[in-house]
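Before any comments, here is the structure.
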Amino acid sequence: MDVNAQEIKKLRTSRAYTQQHLADACNISLRTIQRVERYGVASSETLMSLSSVFEVDAQSLIAQPEPAQIIEESSNISQSQNIVTIVIAVTAGIIVGTLTTYFVIS
């Protein structure tokens, strides 16, 4: 699950916790804390441990997509819809053209 690595690091440093201290408090490995802060990925169990130690809602530690990312994703969907529309229009045109030719020649 994607978590807000910066927020987790901010909470840790504001309490003057080392990564090892946080790992011990969460009963997880130091390497797990290092990965969470570096890559922003954590299991649901790790997320629950962090939220418990920091005494915050787990939802507040989950990464929120950036507005630019949301726009890019919706743009990709729009492009896919446009391609599907074009394919349908071309296919319909071919069918109509073929039927028209068939009936005119007959």
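In this chain, numbering begins with 1 at the start of the sequence shown.
Listed by chain and number, the hydrophobic cluster partners of I94 are I86, V90, where partners are ILVMFWY side chains within reach of under 4.5 Å, directly or through others. Think of V84 as one node in a network of Ile, Leu, Val, Met, Phe, Trp and Tyr side chains linked at under 4.5 Å; its network also takes in I88. In the hydrophobic clustering, V3 connects to M1, I8, L11, Y17, L22, I28, I33, V36, L47, L50, V53, F54, V56, L61, I62, either directly or through intervening members, whenever side-chain heavy atoms lie under 4.5 Å apart.
Pairing each heavy atom of Q59 with each of Q64, the nearest pair is O-NE2, 4.2 Å. The minimum heavy-atom distance linking S60 with E7 is given by the pair O-CG, 4.3 Å. Closest of all the heavy-atom pairs between S29 and T32 is OG-OG1, 2.9 Å.
To the nearest 0.5 Å, atom CG of residue L30 and atom CD of residue Q19 are 6.0 Å apart. The OG atom of S43 sits 11.0 Å away from the CZ atom of R35 when rounded to the nearest 0.5 Å.
Residue pairs meeting the side-chain hydrogen bond (donor to acceptor under 3.5 Å, both in side chains) criterion with at least one partner in residues 83-99, sequence neighbours excluded, do not occur; the list is empty.
The 12-atom threshold is exceeded at CZ of R31, counting heavy atoms of other residues, nucleotides or ligands nearer than 6.0 Å. Residue-environment remark: CG (N27) stays at or below the threshold of 12 foreign heavy atoms within 6.0 Å.
Considering only residues two or more places apart in sequence or on other chains, S51 meets the side chain to side chain donor-acceptor pair (under 3.5 Å) condition with none of them. For Q6, the side chain to side chain donor-acceptor pair (under 3.5 Å) criterion is met by no residue, not counting sequence neighbours.
The side-chain heavy atoms of H21 and R15, taken from C-beta on, include no pair separated by under 4.5 Å.
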